[in-house]
There are 2 protein chains.
Amino acid sequence: MWQVFAEFHWDASCNQGGGGDKEMMHTSESKNGQGKLHHPGRKMANLREISVSAALNLLSAFAFLVAFAILRLQPINDRVYFPKWYLKGARSSPSRSGPSVNKFVNLDWRTYSRFLNWMPAALRMPEPELIDHAGLDSVVYIRIYLLGLKIIVPLAILAFLVLVPVNWTGDTLEDIRNLTFSDIDKLSISNVPDGSKRFWVHIVMSYVFTLWTFYVLYVEYKAVAAMRLKYLASEIRCPDQFTVLVRNIPPDPDESVSEHVEHFFRVNHPDFYLTHQAVYNANKLAKLVEEKKSLQNWYTYYLNKYERISKSPTVRTGFGGLFGKKVDAIDYYSSEIQKLIEAEASEREKVLSDPEAIVPAAFVSFKSRWSAAVCAQTQLSHDPTIWLTEWAPEPRDVYWSNLTIPYFDLTIRRLLMAVALFFLIFFFMIPIAFVQSLANIDGIEKVFPFLRQLMEKESVKSVIQGFLPGIILKIFLILLPTILMTMSKIEGFPSISSLDRRSAGKYHLFLLVNVFLGSIITGTAFQQLKIFLHQPPAEIPKTIGVSIPLKATFFITYIMVDGWAGVAAEILRLVPLIIFHLKSTFLVKTEQDREEAMDPGCLNFATHEPRIQLYFLLGLVYSAVTPVLLPFIIVFFAFAYVVFRHQVINVYDQKYESGGSFWPDVHQRLIIGLLISQLLLMGLLSTKNIDKSTIALIPLPILTIWFHFYCKGRFESAFVRFPLQDAMIKDTLERATEPNLNLKEYLKDSYMHPVFKGRVYFESPQISDEESNTLVMTTRISKQCAESCSTNSN
Amino acid sequence: MWQVFAEFHWDASCNQGGGGDKEMMHTSESKNGQGKLHHPGRKMANLREISVSAALNLLSAFAFLVAFAILRLQPINDRVYFPKWYLKGARSSPSRSGPSVNKFVNLDWRTYSRFLNWMPAALRMPEPELIDHAGLDSVVYIRIYLLGLKIIVPLAILAFLVLVPVNWTGDTLEDIRNLTFSDIDKLSISNVPDGSKRFWVHIVMSYVFTLWTFYVLYVEYKAVAAMRLKYLASEIRCPDQFTVLVRNIPPDPDESVSEHVEHFFRVNHPDFYLTHQAVYNANKLAKLVEEKKSLQNWYTYYLNKYERISKSPTVRTGFGGLFGKKVDAIDYYSSEIQKLIEAEASEREKVLSDPEAIVPAAFVSFKSRWSAAVCAQTQLSHDPTIWLTEWAPEPRDVYWSNLTIPYFDLTIRRLLMAVALFFLIFFFMIPIAFVQSLANIDGIEKVFPFLRQLMEKESVKSVIQGFLPGIILKIFLILLPTILMTMSKIEGFPSISSLDRRSAGKYHLFLLVNVFLGSIITGTAFQQLKIFLHQPPAEIPKTIGVSIPLKATFFITYIMVDGWAGVAAEILRLVPLIIFHLKSTFLVKTEQDREEAMDPGCLNFATHEPRIQLYFLLGLVYSAVTPVLLPFIIVFFAFAYVVFRHQVINVYDQKYESGGSFWPDVHQRLIIGLLISQLLLMGLLSTKNIDKSTIALIPLPILTIWFHFYCKGRFESAFVRFPLQDAMIKDTLERATEPNLNLKEYLKDSYMHPVFKGRVYFESPQISDEESNTLVMTTRISKQCAESCSTNSN
């Protein structure tokens with residue numbers, strides 16, 4: 001067990017920046033542990049060992065926190081730990097006067113004594129203000145951690161009051177009197193003798209737990225739906241409220257796409273059609289802009305270098321700057337940039353003038369929110385594969401390259417991606433094992449002969465042989481979210497928020513199969529698949545259920561390493577810290593460069609949320625089995641809540657605002673966790689020789705499924721549709737307060753591809769003067785609205 | 001095997017009227033046959049036996065046809081075999097002049113010689129005319145049989161050209177040289193030796209079969225969707241085009257329901273709201289009307305009796321006319337009717353004046369089809385459980401008692417019914433076995449002591465003991481569609497068409513589990529469930545697949561008895577024939593009474609369609625396994641197509657017109673059949689020791705599921721939504737042709753509960769004069785439109 005832990009710990013400490021990519025590391029361990037299934041005498045950690053491990057992990061988390069406390073007080077790191085405020089305009093670099101060293105190092109020792117101050121500060125900002133400050137997405141996201149507390153804390157209290165005494169006095173393990181069971185197992189269901197009537201307490205408690213979870217989930221879904229509706233109903237005018245994204249516009253031999261759209265909507269929405277914005281195929285242009293930006297970075301780098309060393313730097317023009325002729329770097333890059341600027345200008349000209357560059361999709365705007373809501377929710381043509389309408393995502397949220405995929409292609413892409421996901425989940429070990437077999441010492445020596453001498457040393461050799469397979473797996477796991485996101489992009493969703501949601505779903509499946517089930521059944525997912533196919537359905541929950549109590553200590557360790565240390569690493573932001581300092585050393589010339597070097601990052605819903613779900617799942621599964629695991633989860637949720645609240649306030653800058661539209665997914669995955677926990681409890685109890693335990697538990701999953709459909713019917717529409725009543729209220733209000741509004745002018749360029757807008761989307765937003773002075777913005781203006789307002793008021 | 005056949009045949013011959021309730025009879029047989037699974041030496045019918053059975057069945061079907069040919073030519077049966085034409089007004093009773101005996105018996109011998117004339121006549125009417133004559137539902141329904149031919153005929157040709165030779169020369173069974181295998185098995189896959197490369201022919205053919213089925217299904221879905229859209233776009237004005245059913249109207253303390261609806265829609269659809277019709281809780285009134293009708297029947301009966309026997313008939317007033325005081329029947333009933341008329345009048349008064357009698361549902365009408373389409377497809381309130389809108393079903397189709405169920409109740413009801421359906425499918429044998437154990441000779445003697453003497457006779461006793469359990473099962477199976485319909489009604493769907501569709505889904509599941517799987521695995525559904533739970537998922541298709549070829553002869557017999565004879569019985573209409581003659585003897589006084597005594601019946605989608613699906617399933621499953629079964633299915637489909645086309649033209653009178661909205665269900669069930677056939681083939685081949693056969697077949701189910709989703713996305717919306725483009729075209733057309741239309745007046749009473757409309761819905765529709773003279777109505781007027789037009793033009 002300690003081996004795993006050590007491996008995890010090594011893993012955690014060398015990945016502080018990633019903040020949690022390490023939970024799959026144990027699959028390699030699992031392979032070693034394979035075949036030990038059903039072996040009751042397997043050595044398990046006892047309470048003392050767990051305490052030591054907990055202490056170690058607390059210590060490392062504490063070390064992270066201290067490091068954070070020190071680093072964040074240094075002015076030189078200010079842009080790493082408080083980028084949000086810079087973006088809001090509430091801070092700027094040369095904010096402190098005094099001796100120049102103060103610009104880099106904080107010498108005021110008193111501030112260090114209050115090094116945990118950020119925690120209450122993070123909790124202090126009230127929720128409505130936080131919504132204004134960071135957007136609804138972030139607020140709803142950190143509510144997931146709070147939801148974890150709301151569900152697990154009462155479960156833990158009940159479990160410790162009722163189940164732990166029942167288990168403790170069960171005395172099975174006392175009787176056996178061998179040393180293979182630990183103290184933790186005495187508190188778990190394993191301590192209750194087979195066939196005991198005590199199991200009915202567990203059955204009753206599982207009902208109580210489920211009902212409590214239902215209650216909390218229901219209240220939360222209701223609250224989030226209400227928050228979303230309130231948010232949407234807030235008075236700010238946004239282009240997406242009036243706009244519908246129309247895709248799959250059929251070609252017309254006589255008309256251009258633009259004319260076709262206009263005629264079609266003038267006929268079918270005669271009283272409401274206002275205007276539309278064509279979508280240009282600007283992929284090539286965007287690539288040029290991207291290229292130019294990279295060259296400009298190099299240009300600045302060499303300019304800085306020149307200033308420092310006062311000698312004209314040179315560069316080779318060949319592949320990667322390694323081969324080719326040596327030229328003067330500054331001249332070379334400035335001429336390259338010049339070339340690109342010309343190419344960009346001609347391409348821009350071409351795209352804007354060429355009718356072929358207009359793709360069969362458009363953003364159609366209406367005269368009122370009511371009519372936009374109508375158009376988004378109804379079917380236009382009798383062929384449901386053309387003139388597809390849906391709510392336009394907000395301008396930042398549009399994923400431009402996916403707007404033009406024909407309907408048939410979409411279905412084919414989704415089929416292929418579903419098959420690919422299946423193989424990725426169940427067979428991902430095969431290519432990795434193949435690469436691992438290639439990447440041995442001999443292979444490396446063949447490719448890089450100059451490394452031979454180094455590699456032949458015994459110590460280096462053993463390190464490489466020991467770590468290389470792990471590192472290759474690790475690299476795959478770090479790449480995994482990107483792979484999943486690419487798959488989602490291929491599936492063709494038109495907005496970044498929906499891509500995030502889809503990727504999260506895929507990642508959740510992966511974690512469920514490869515981490516949760518993989519840890520319990522031990523063995524690769526492919527072996528699990530075999531087990532599932534060749535075992536009776538009634539046996540599967542038994543097989544898994546039986547090993548659940550045996551795995552409690554493993555998961556406790558997992559929670560501490562991945563959860564506690566991972567969250568502490570999250571707040572330290574080691575990777576952004578390093579990158580920022582590298583950038584500001586080499587690339588920064590102007591204040592604006594410094595602004596761009598700053599990487600506030602954002603809540604990565606696609607990878608973080610599925611990981612939270614794993615903790616929910618563990619909490620629900622172990623609540624009736626080994627309640628001693630619950631406090632560890634509670635610590636995780638509480639700690640993560642504070643940390644992420646702090647990050648949301650001070651660091652992250654969301655790329656888009658979807659109004660919490662991911663909540664139905666979160667809810668659904670929680671229901672899946674609940675179902676899994678119930679099935680596993682059924683499986684576990686059915687091996688304990690109690691009459692009718694399975695029958696007594698069968699209503700639970702049925703109730704859960706019903707609850708899911710009830711909540712879905714009750715609340716989901718708040719996340720996918722926009723009710724006409726609300727739209728009408730807003731329209732009426734607006735008409736009364738601003739009778740002379742020129743909506744057409746307001747909407748004119750709101751849905752333009754970012755490359756045409758110059759640098760608006762690559763820069764920080766322009767904040768109007770009266771707002772930039774307050775530290776905490778309390779005016780009810782969310783970022784993207786402010787942005788589009790300022791864009792349109794020009 | 002012959003025992004089964006005999007049982008079926010007895011079953012078929014005593015149930016000619018029902019026309020196919022007999023397919024579950026074999027479950028009792030299955031129980032006897034239980035345990036014989038995997039017994040390769042089980043005695044199977046050979047080709048000769050099958051031929052004899054086929055000849056017998058053809059003969060009985062022929063006998064039905066001859067009987068039909070004779071009976072239909074008798075004028076006295078005219079209203080039984082041609083009710084549709086009476087309802088259309090194209091025929092009336094005293095149509096033939098001449099000697100009075102001619103009114104009852106057809107003495108023109110020449111007509112008998114052309115006794116199969118109805119067949120070409122049934123095929124002659126072209127489809128567009130048939131849509132006008134019988135409605136789109138009927139036309140789409142009989143296309144299901146045609147679809148069967150389109151799928152199965154090419155499958156059969158290919159199978160006989162390719163698979164039968166491959167199987168025939170397989171020679172496994174020749175080598176074994178025992179007598180347990182029949183000639184049929186030599187043509188089936190059983191004749192190919194294990195591990196033979198010949199199985200690859202089967203695998204390739206299963207791909208060809210699947211792709212062909214895809215093609216036909218796609219084309220058919222497309223055609224039906226186009227027919228539906230064309231039908232909806234036809235120029236007739238119908239109230240349901242302008243109307244939306246609004247349910248779950250929230251209570252308002254200050255306003256009545258009517259005022260609340262009006263205000264709400266005036267605010268939220270300001271430019272389009274036209275009027276609305278409140279829904280009255282007239283359940284009690286409807287009951288009174290029903291009661292009055294029954295009393296009137298008795299009154300007529302006694303009046304007729306009085307005329308015949310010239311003696312005033314008497315009746316007892318007590319329970320069921322068996323006990324109580326004797327009174328003069330005519331006086332008694334006329335006074336009772338008088339009482340009811342008064343009660344009805346006061347109840348009618350009460351309902352119309354009492355604001356409490358208005359339920360929180362309403363039919364809201366709009367000024368244009370466009371705005372009705374908008375309202376039906378959008379969400380009104382931000383609480384999606386109130387102000388629920390959907391397309392109004394056409395007035396005849398409304399199921400009035402289900403309009404007021406609150407949202408929460410609905411979800412609870414659906415949960416309960418899902419659980420009930422599960423128990424009904426898997427445990428229905430338990431109550432039946434219980435009743436069977438009660439209903440033995442001793443039990444009957446106890447309840448009816450006066451039967452004791454009769455029952456003690458040896459011959460009677462043995463008959464009762466032999467048949468009673470079968471009869472009880474039979475009664476259950478006859479009642480089953482009613483039970484399922486009741487369950488659907490409890491689920492709370494607001495229209496009769498949706499109730500029919502839901503019931504069909506339930507019945508399909510029942511047939512699938514209890515008839516198809518029940519026949520193959522042998523054993524009650526509950527035992528099957530046990531097998532499924534305790535067998536690995538990979539084993540289940542094997543277990544079933546292995547017994548598939550063994551059951552071919554059983555299913556051939558089944559097709560002949562249930563399919564051929566059942567269809568022949570359908571055309572004979574024995575039960576309506578008898579009931580009509582009973583009614584016309586005892587209850588008919590006036591021509592209008594005779595009109596009402598006529599029972600045209602209608603296509604019973606809820607019971608017939610799931611049965612067709614069983615034949616599709618058999619065809620798909622056996623196409624690659626035992627192709628010799630296919631011709632029997634082809635005969636069934638062809639025969640049924642002709643018969644039902646005849647019935648639709650001459651007999652049935654549909655209760656509602658849903659525009660073929662059941663097609664997505666039909667398609668989905670066909671996909672389920674296709675999936676089952678693929679899984680079973682995989683299971684069967686995996687026992688034949690061929691490498692990679694399973695892997696080679698795995699893409700099939702994946703492709704099938706993808707095809708399902710593709711078709712769903714492509715066509716389904718035509719059945720659930722109404723595109724705005726089409727609505728706009730119709731609106732524009734109408735505005736141009738009828739600028740002065742008073743729509744409000746037209747819609748005024750269209751959605752009134754039938755009891756308030758007097759007898760409109762219990763009577764035949766009033767046909768306007770210019771249409772009643774043509775034998776085949778070719779004017780594009782469907783019945784309900786004609787009806788509502790005539791109602792509104794008064």
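Quick note on labels: first sequence line is chain A, next is B, and so on, each numbered from 1.
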Euclidean distance, [Y] [atom2] relative to [X] [atom1], rounded to 0.5 Å:
{"X": "B:Thr378", "Y": "A:Gln725", "atom1": "OG1", "atom2": "CD", "value": "12.0 Å"}
{"X": "B:Ser381", "Y": "A:Leu724", "atom1": "OG", "atom2": "CG", "value": "10.0 Å"}
{"X": "B:Leu415", "Y": "A:Leu703", "atom1": "CG", "atom2": "CG", "value": "6.5 Å"}
{"X": "B:Ile412", "Y": "A:Trp706", "atom1": "CD1", "atom2": "CH2", "value": "4.0 Å"}

Would you call the rings of B:Phe408 and A:Tyr710 parallel, tilted or perpendicular, where under 30° means parallel and over 60° means perpendicular?
->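 Rings of B:Phe408 and A:Tyr710: perpendicular, as their planes differ by over 60°.
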Return the option, out of A:Phe709, A:Tyr407, A:Phe264, with the maximum number of heavy-atom pairs under 4.5 Å with chain B.
->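 The candidate making the most pairs under 4.5 Å is A:Tyr407.
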Pick one of side chain, backbone, both or neither for A:Ile729, based on which atoms fall under 4.5 Å of a heavy atom in chain B.
->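 Nothing of A:Ile729, per the 4.5 Å heavy-atom cut-off to chain B.
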Under the salt bridge (charged side-chain N to carboxylate O under 4.0 Å, His left out) rule, what pairs show up with a residue in residues 370-386 of chain B, not counting sequence neighbours?
->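 Sorted pair list: A:Arg714-B:Asp383.
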Can you run down the salt bridge (charged side-chain N to carboxylate O under 4.0 Å, His left out) pairs that involve residues 406-426 of chain B, sequence neighbours left out, and say none if there aren't any?
->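 The answer is none; no pair qualifies.
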In terms of heavy-atom pairs under 4.5 Å, which option from B:Pro270, B:Ala376, B:Gly713 contacts chain A the most?
->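 The candidate making the most pairs under 4.5 Å is B:Gly713.
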Apply side-chain contact (heavy atoms from CB on, under 4.5 Å) to A:Val419 and B:Ile702, showing your working.
-> CA-CA 9 Å; A:Val419 173; B:Ile702 296 173; 4.1 Å; yes
By a 4.5 Å heavy-atom criterion (distance strictly below it), what part of B:Trp387 contacts chain A: side chain, backbone, both, or neither?
-> neither
Shortest non-hydrogen separation from A:Gln377 to B:Arg721 and the atoms involved =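 Between these two residues, the closest heavy atoms are O-NH2, 2.8 Å.
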